[in-house]
Every structure is written in structure tokens, then in C-alpha cells.
Participant: 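To start, I am sharing the structure in question, which I have written as C-alpha cells.
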Amino acid sequence: MPPNEAELPLPLHVVDDATNIEQAALGFATEGFDVAVAPPIRAALWQRTEEEHLLVVVMHHICGDGSSLAPLIRDLMTAFAARLDGNTPQWEPLAMQYADFAIWQRLLLGDESNPESLSAKQVQYWREALADLPDLIELPLDRPRPTQQDMTGGNIRFSLPKSVHTRIVDIAHHHSVTPFMVIHAAFAALLSRVTPTEDIAVATPKADRADPALDDIVGMFVNTLVLRTTVPHDRTFTDLIDDVRAADIAAFGHSDIPFERLVEVLNPARSQSHAPLAQVGYSYQNLDRPELHLAGLTIAPLAVNTNVAQYDLHLHVQEETADDGSLIGLHAAFTYATALFDKATVSRLADQFVRLLEAITDDPLIEVGDIEILGPEDKQAVLSAWGQGDVFDLSEAPATLVDRFDNQVMLSKDATALVFRDELMTYAELDARANSLARHLIGLGVGPETMVGLSIRRSFDLLIGMYAIVKAGGAYVPIDPDHPTERNKYVLEASKPVCLLTTTGDAVEVPDGVDVLCLDQLEFEALSALPVTDADRRGPLRPDNTAYVMFTSGSTGRPKGVMVTHRAIVNQIAWKQSEYQLTSNDVILQKIATTFDVSVWEFWWALSVGAQLLISEPDMHQDPAYVARMIENHGVTATTFVPSPLSVFVTVATREQLSTLRDIFVIGEALPMDVIERWSRISDARVHNLYGPTEAAVSVTNFVAQSDEQATVVPIGVPQWNTGAFVLDGRLKPVPPGVPGELYLTGVQLARGYLDRPDISSDRFVASPIAGHGERMYRTGDLVRWRTNGVLEYIGRTDFQIKLRGQRIELGEIEAALLSHPIISQVVVILANHPDTGDYLAAYAVPIDGALISGEDLLAYSRDKLPRYMVPAHITVLPEFPLNPSGKLDRKALPKPDFSPVHHDVVAPATQLKKPSQLFSRKFSAAMLSVFLMGSLTSAVTHSAPRG
């Protein structure tokens, strides 16, 4: 359309209030365009008085950019002056039209299919520059990302004083860069400190008005560039500036390809929830703002916030100078998506950015990881107010597990202590049998700092043996009779027990030199049943003696023994009793495996306060219907769940069956919020989400779970008694609230270390730079963050370790087991996801050249090598692993496991015990059943290992 034929209506609106004018103008400015039926520009005039008017001109981004304001305002002044004199505006003809530029750009780029064309070369540059770019930068969001990006935005404005502005310019001159690049480097440094990645990409607009003839054209000449920077925290800021300079110059030299075309070519993971390639923007404006002067009028611009956020977070910087060119300071703002951030969070980011800029301009040689971005209030919160649990003096309380139980026996002699099947055992009976057996063990050499293997399935004998070992002063080492022989033999070899306590039905193969005592064949009743004291033991039992040794998965393929003291576990039990107040009226369901440290609660807490311990049948705890019946039939008031089985349990149990439940304790994995919502439909019992590694005596944080529509997982809460929980970065510095970091623990509940493994003990138990005085910290490997309300949220693992039904697993141990097969050359184990059951273990294997093996054969092999909870749900055999252009394993290209049913002859259940599972399988899919039996619900962590 010729310009003289275009019509632009200018409606006049008369209002009598300034606020109404601004609101009306904002609505006019933010109203969308339908460019199919109307020009991409509109204007309107508001009149408040005869002498006060507001003119609003709105342009669609397809027809104008920031640099278009100058010619637009100049044309407006020309038109106003002419109309004021009663003349038709006369504009100088443009040397070039926008259409000319578009044609020239197409000719410049050439045919992309021609490898020698500019477009082909620039596309290749961007392929290499953005290879393996993370799909999403994990900013410290306040809410889960919605499935559809909400463009509603907020704005936080802040300023940098002249002194900082001057130092930025000085640094730029010294390094032959622009202030844009200095601030880009600073922004990248900030992002690397508040996200879990050093690979930082920001989107920035670049005006392509290379020819002066384009300066007078109103049009869209801006392209979007993705500036990618790697920000190692051990690099100085001056080093980072040099890296940014090289990357930015290279990007600016390849800026002709339209961003939209680049997205098509690179084809990143598409999502309606966020912008492609970069979710953070950066704009730097150092041009003078054009001013509007109209004869006879006083003009003042009206600042308008359109409340639109194109990116999750966008940094805007405006350089301010005086008329003589001298520096005044920098005005800045963060635009942010309100669907993701609270205003307070972005204000904190602005404060951190100012603090960072002040630090790097004061000392450009500072390493990025050493820049202090935490403010005093935040630092005090994360290290003290939030990070340190209450200090509680237990010096007057019973000091060992034995003391706690012996004290309770005196109070509850005739009360029922244990219930198993249809049998009952009183406190006095359990105490007497454990005391007699303890004396027998002492005669064999059991005492403080000696180990005794314990291989007994759930029964009275299990409790008698466990209590006897500890009463003798020894430490029990749980052995699961159903674990592979090779694993059990290694545990016994590593722990060097005085003997193995078992029964004829639970005996396991032992290495040479280990004596085996079958409890059902021993005659020890003739020994005294009186309480065992230090006078009877081979040495005094003290709080710092080892109470038990729990073997957990090891990254080298061998499990490692965690040595936990009486002091540690007594603190845990004392805290639990203070927090949850069990009484003699309580019935606790014991259903956790002895090889899982959460069982320690059940075995030692209930019987130290006079409660009744209901022991579930061996293996039947895996049947949710059985668990529900046990709760109903025995009036259970409290029990423990791991989230994965709980997610299936809530689909089976009824409100009537759970009427006596008061509390459930959930631990071992991340607890999904939807499980809480489903639980609330069948029970009013409180759900306590707890967190803790084996190395810190079961649990160290707690949180009362409540439904929260804004959350996907339940927080793990706040530190318990005499415990510190610190979220630190890779340099052991505290991270700000909302920022992911590794969780480090301090306090009396820390384990002594790993049995006879000083190498890994020194790696995981490190000196605390926070507490000082020689105190240790345990490095959990768990990625967490502080919420702004002072509670911890679990995110995932920092290494290749996961939790499976609460059991800790090193993926490397599974891979090592599969790699031990003589014809397997490569293995990778991941956590895959099933829409019905969540995350589960999946393995991929590559056999040696020419060898043939099926996934089912490998599964059978793994069952002989691994405990059941570590056996993958599926193994896929591949001829080779898919690789990305860098030659690395392309995890995204691994095929999804195929759970198509394999048809076998159906065998009828041989015993009554098998029938509940048969009935259960009729109601649930095989995949869902496998999750209850051995699946996992945890963070997606992957690890690969070639055969060495």
C-alpha cells in the first residue's frame, strides 16, 4: 500500500482523571494486533483538560524496533509543525525503503543449500556454537513451570552509582571490550552462581542497521542472538571477560541468520512452557533517547510498564550520561515472568547482581566462585536461623540403646512388646532371652567394637538376636538371606564378624573362618537372664561405640559399611519421641527390611517407650492389601512408608482400614505431592516427610506434609535436634535461598565413617568450614535448595547415586554387575519414566562383536548378582550406543524400554502365600506391580560405564 493511501485513525477520548487516563492508555497499549485486517500501528489521544493531553502510539514489533523511535518522533514533529501551519507534511524521500533492505538481506544470505553461501556458513557456526546446549536453564523459580508459557510480567528497577559505572568503563577500556561485554560477563557470572550449571546462554537483541541509509527507516531491523558462555568458578573475572569478548565477537559476526530460522534449523526441544534456546534475556541501551518537541507544547514522557515478559528473566541496562558526555550511572531492571517468580525473589537477584558488580569492579582478579553474593540477612538465615537445628542437651538421658530399653523393661515388664502372627512376647520375655543370648555371645568374644552378622528374617528371633548383640556391646551387621550369595559373602568378609547369628531356615553361605550360630539350635537359656552390665561385658559400653553397621551400595561395585554409634541413634530416637510422643497405647507396624537403616526406628524406638511392635510376615510387606489388613486388624497407630510403595498403597487401602492410624513416616525418596492428595482421601493420619542418609542415623530433617497446588514434591523440611543442614556450592560456600546446592550435614548423628575404608570416609566426611573446631560435615551428594520460607526442598542427586524404595543405589554397582558378564562390553543404567508408575531402573547393554544375548537372559544374570531392589525393570540389548556429534553417549537417543507382554505358560499359585499377589495383579498392570515390588520414584540420574 502506498504511504499516502494508508489511514491511521486518531480517536479522541475525554476523561477527567489522570489515573483513568493512564489505565486507559495502558489498556490501549497492551491490546493485541490483528495484522491480517489492520495496520501494525495505531494511535489514540486522551484529553483531561483543555491544556493537558496524552498521545499514545503503539507499533507491532514486526514494523518497528527501538531504533525506529528516532525517525518516528522526527516524522511526528515534522507532521505536527506542518499541520499547525495548515500545510501538508513534506518529508525528504528516503534513500532506501524497508523492502529494499529485505531484498538485500536475502541476496546477502544466499541459498542455504549452497555450502559456500553466507547463510550456510552461519548456520554451521551456530550448530557448533550451540551444540549440546541445555534445553532449559534452571533458574531459582518460586513455582513449577506451567505447561503453557504465561507472558505476564513484572518489573524490578534498580540503579548502579556513578562509581560502579566508571569502573565498568575503565575495565572495558583495559580489556579492549565494551561495557556491554563487561556487564554480560557479570550477568553470566551471576547466573552461574544461582543455577546448577556453568553453561550460560542469554538472548540479546542486535540492531542490523549497518548502512547509515537505514537510520531514517521505521522498521524491524533487530535480530536475536544467543550468547553462550562457560563460567568455571575457578576462573577470575578478567579471564571471564576475555572469554565473553571472544564469544560475543564471534556471535556478532554471524548475526545475519534470522533467529526464527535458526530455531528451525537447530530444532531444539520445543515446549510451550518456555522460549527456545535461551530463557534469559539481556539488553543494553547506550543510545540517547529521542526527545519529542512540539511547538507551543510542553512534552513529558509517561513511563508505561506493559507487564509483558518474553523471557523467564530479562536484564535491561540503560547507560546514563550528562550533556557533556560524562558518566552518571546505570539504570537497570529485571523483567520477570510472574507465573514463575515472586517479586521478592527477583528483588533478591537484583541485590545479588549489584553486590557482584561492586565486587568485580573493585577486584577484577577475583575468582567467580569467591564473589560474595549473599547479603547479611540471607547468610544468617541459611547458616543459622534455617540451617541449624535446635540444640538439645541429652547428657542426663539414657546414653545407649541398651540403657533406653533396660529402663523401659522396668516400667513395662508384663506389657506386650512384640506381636508376630498369633504369638505375643512381653517386654520381660524379650529382655530375658536377649540377656541370656548376650552372655553366650560375650563368651564367644563379642564386645564393644566387634561385629556380629545377623541373618534372620522377620520374627521374634530377629529381635532377640539383634537386642542380644547390642546388649553384649557388639554392633549388628544385617544380612538379607534373600540377597545374592556373592554380596552377602563380601559383607561378611568386609565386616569380619565374631560370628553370624542366624536360624536353620535363614542361613546363608559364609566365607571361610566365619562361625555360624543357629539361634533355633542354641541352648543358652541356662545362662542368667538378668540385665547385662559393663561388669559382664568384655569392656564398657559407651555412647561412641558402634551400634550397627549398615552396608549400602558402593560406586566401585562393592557395598560399603556405615558405622553408626549409640550416641547418633539415641539422639535420633530421643528427637522422634519428643516430636511424635509415642505411648504404651501405640502399635507400630514393623515392615522395613533390616538392611535398610529406616528399620532402626521400628526396632528400637517403639520398645524404648513401652509401645507394641507388630512384626509383618517376611516379604508380605510388599503386598499393599496385606499391609492394609494388618493396620486394620491390629489397630496400628503409626508406621513407615517409602514413597513408591505408598503411591500404590493409596490405591488399595480404604478409610475404614486406616481408622486407627495417627501418623505415617515417609522417607527414602522424593515424596510427590499427588500422593499426599490421594492419601488425604483415605486417611486423616498426619504424613511426616523425613529425609536422611544412612550416614546420619536415619533422618535429619522433617516436614508435616500438606497439599500444595503450587508444588510437585513435598519439602524435606527443617533440621532436627543437634543437626546442621547446609546447602553449599562446589567451593563449600553457602548458596542463596532458592538456588540449588549440595546438602552437607553436621551434628551428633553423623556416622563414624565407612568400615575399614579411610579413603572414601575422608572423601565424604570432610572438615566443616562453617562450624569450625574440628567438626565434620557429611557430603550427602543430594541436590537441594532452601525455599524462601526456610524449608528444604529435595531436587535430585549430584552424582550417579539414587534411592530405590528407600535403598541407596550406586548405578555404577549395577553396571559393574552387568559388565561382569563375559560377553558384555558396555552398559549404561538410567532412570526411565513410565506414565503410570513414574521412574524405574532401565539398563542398556552392548555385547562384544558377534555375540548374541537377550535382555531376559541379562535380567536373569543380574538377579544372581544383585539384590532384588537393584535389578533393572528392563534391559535393552543394542548393537551399539547412539553417540552425539561430540562422540559422547546420546542419552536422548536411547530407545524407550518395550514392556510389551512376553507370553509364558501360566503356573497356578502353589501356596496360599502367592494368592494375594495373584489377585493384586488382576487389578494392576505388571508395570505397576513391579514398582511396588522393586521400583523406584526418584530423580532422573544417569551414568554410563564402558568395560575397562
Side-chain angles (χ1 to χ4, degrees), residues 133-134 137-140 156 158 160 164-165 167-172 174-175 177-204 225-249 251 278-284 311-317 330 332-334 336 345-375 378-379 728-741 785:
L133 180 70
I137 186 169
E138 298 292 344
L139 295 166
I156 294 293
F158 57 100
L160 292 161
V164 174
H165 188 185
R167 295 201 298 267
I168 289 173
V169 172
D170 290 343
I171 292 173
H174 183 74
H175 289 271
V177 299
T178 63
F180 169 94
M181 294 178 182
V182 175
I183 295 181
H184 175 204
F187 190 32
L190 175 70
L191 292 173
S192 77
R193 294 288 303 275
V194 300
T195 65
T197 182
E198 296 178 347
D199 192 349
I200 305 299
V202 299
T204 192
L225 300 183
V226 178
L227 305 179
R228 186 181 189 183
T229 310
T230 300
V231 191
H233 289 178
D234 59 355
R235 298 268 283 172
T236 67
F237 185 71
T238 55
D239 292 334
L240 179 59
I241 291 175
D242 294 338
D243 294 344
V244 166
R245 178 182 185 274
D248 286 2
I249 290 176
Q279 295 78 47
V280 176
Y282 167 46
S283 303
Y284 187 92
Y311 299 102
D312 296 350
L313 185 70
H314 194 148
L315 171 63
H316 305 266
V317 179
L330 294 171
F334 275 128
Y336 61 94
T345 299
V346 182
S347 293
R348 180 181 289 115
L349 284 172
D351 292 341
Q352 291 164 358
F353 189 49
V354 171
R355 197 171 290 114
L356 183 145
L357 281 167
E358 290 173 341
I360 58 96
T361 56
D362 184 59
D363 179 14
L365 293 176
I366 190 172
E367 292 186 358
V368 171
D370 287 337
I371 301 171
E372 182 61 79
I373 63 173
L374 267 180
D378 284 342
K379 194 168 187 177
L728 309 180
D729 63 17
R731 299 165 77 90
L732 300 186
K733 293 183 177 295
V735 300
V739 176
R785 69 171 188 160

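The figures that follow rest on heavy atoms only: side chains count, while hydrogens, waters and symmetry mates do not.
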Participant: What is the minimum heavy-atom distance between Pro196 and Pro740, and which atoms define it?
Facilitator: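 So the minimum-distance heavy-atom pair works out to CD-CG, 4.0 Å.
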Participant: Residues two or more places apart in sequence or in another chain: which of them pass salt bridge (charged side-chain N to carboxylate O under 4.0 Å, His left out) with Asp170?
Facilitator: none
Participant: Check whether Gln279 reaches the backbone of Ile137 with its side chain - one donor and one acceptor, N or O, closer than 3.5 Å.
Facilitator: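 Between the backbone of Ile137 and the side chain of Gln279 there is a qualifying donor-acceptor contact (under 3.5 Å).
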Participant: Measure the CZ-CD distance between Arg785 and Glu138 for me, rounded to the nearest 0.5 Å.
Facilitator: 9.5 Å
Participant: Check whether any side-chain heavy atom of Ile360 lies under 4.5 Å from a side-chain heavy atom of Ile366, and answer yes or no.
Facilitator: yes
Participant: Salt bridge (charged side-chain N to carboxylate O under 4.0 Å, His left out), that's the test. Do Asp199 and Arg228 meet it? Break it down for me.
Facilitator: CA-CA 7 Å; Asp199 192 349; Arg228 186 181 189 183; 2.6 Å; yes
Participant: Val177 and Ile241: side chain to side chain contact (heavy atoms under 4.5 Å, CB included), yes or no, with the steps?
Facilitator: CA-CA 8 Å; Val177 299; Ile241 291 175; 4.0 Å; yes
Participant: Taking all atoms of both residues into account, what is the closest heavy-atom pair of Leu349 and Leu190, and its distance?
Facilitator: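 Shortest heavy-atom contact: O-CD2, 4.1 Å.
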Participant: When you look at Leu313 and Tyr336, which way does the side chain to side chain contact (heavy atoms under 4.5 Å, CB included) test go after all the steps?
Facilitator: CA-CA 5 Å; Leu313 185 70; Tyr336 61 94; 4.1 Å; yes
Participant: Given 3.5 Å as the limit, does a donor-acceptor pair link the side chain of Arg193 with the main chain of Ile371, or not?
Facilitator: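 Yes.
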Participant: Considering all heavy atoms of both residues, which atom of Ala278 and which atom of Ala203 are nearest to each other, and what is their separation?
Facilitator: CB-N, 3.8 Å
Participant: Under a plain distance cut-off of 3.5 Å, with no hydrogens placed, do Thr195 and Thr197 share a side-chain donor-acceptor pair?
Facilitator: no
Participant: Less than 4.5 Å apart, any side-chain heavy atom of Leu330 and any of Val164?
Facilitator: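 Leu330 does not reach Val164 side chain to side chain.
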Participant: Does the side chain of Tyr284 come within less than 4.5 Å of Ile183's, by heavy atoms?
Facilitator: yes
Participant: If you round to the nearest 0.5 Å, how far is CG of Leu356 from CD1 of Ile373?
Facilitator: 7.0 Å
Participant: Mind checking the CG-CE spacing from Asp243 to Met181? Nearest 0.5 Å is all I need.
Facilitator: 12.5 Å
Participant: Please tell me if the side chains of Val202 and Leu191 come closer than 4.5 Å, counting only heavy atoms from C-beta onward.
Facilitator: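 Side-chain contact under 4.5 Å: yes.
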Participant: If you look at every heavy atom in Asp362 and Arg167, which pair is closest and at what distance?
Facilitator: N-NE, 3.9 Å
Participant: Once rounded to the nearest 0.5 Å, what's the spacing between atom CD1 of Ile200 and atom OG1 of Thr229?
Facilitator: 8.0 Å
Participant: Heavy atoms only: give me the nearest Leu225-Ala251 pair and the separation to one decimal.
Facilitator: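 Heavy atoms of Leu225 and Ala251 come nearest at CD1-O, 3.9 Å.
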Participant: Starting at OG of Ser192, measure out to CZ of Arg235 and round the result to the nearest 0.5 Å.
Facilitator: 12.5 Å
Participant: Please check: side-chain N/O of Tyr282 versus main-chain N/O of Phe180, any donor-acceptor pairing under 3.5 Å?
Facilitator: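 Here the side-chain-to-backbone pair exists.
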Participant: How close do Leu315 and Ala332 get, heavy atom to heavy atom, and via which atoms?
Facilitator: CD1-CB, 4.5 Å
Participant: Counting C-beta onward and ignoring hydrogens, is there a side-chain heavy-atom pair between Leu240 and Val231 closer than 4.5 Å?
Facilitator: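 A side-chain contact exists here, since the closest heavy-atom pair is under 4.5 Å.
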Participant: Return yes if a side-chain donor-acceptor contact under 3.5 Å exists between His175 and Thr238, otherwise no.
Facilitator: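 Result is no, nothing qualifies.
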Participant: To the nearest 0.5 Å, how far apart are CG in Leu160 and CD in Glu358?
Facilitator: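 Rounded to the nearest 0.5 Å, the CG-CD separation comes out at 7.5 Å.
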Participant: Apply ring pair (Phe, Tyr, Trp, His ring centres under 6.0 Å) to Tyr311 and His314, showing your working.
Facilitator: CA-CA 6 Å; Tyr311 299 102; His314 194 148; 5.3 Å; yes
Participant: Check for a donor-acceptor pair, side chain of Arg731 on one end and backbone N or O of His233 on the other, with a separation under 3.5 Å.
Facilitator: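 Yes; judged by distance alone, with no hydrogens or angles, the pair exists.
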Participant: Tell me whether Glu372 contacts the main-chain N or O of Leu374 through its side chain, where contact means a donor paired with an acceptor under 3.5 Å.
Facilitator: yes
Participant: Should the pair Phe158 and Phe353 be assigned to parallel (<30°), tilted (30 to 60°) or perpendicular (>60°) ring geometry?
Facilitator: perpendicular
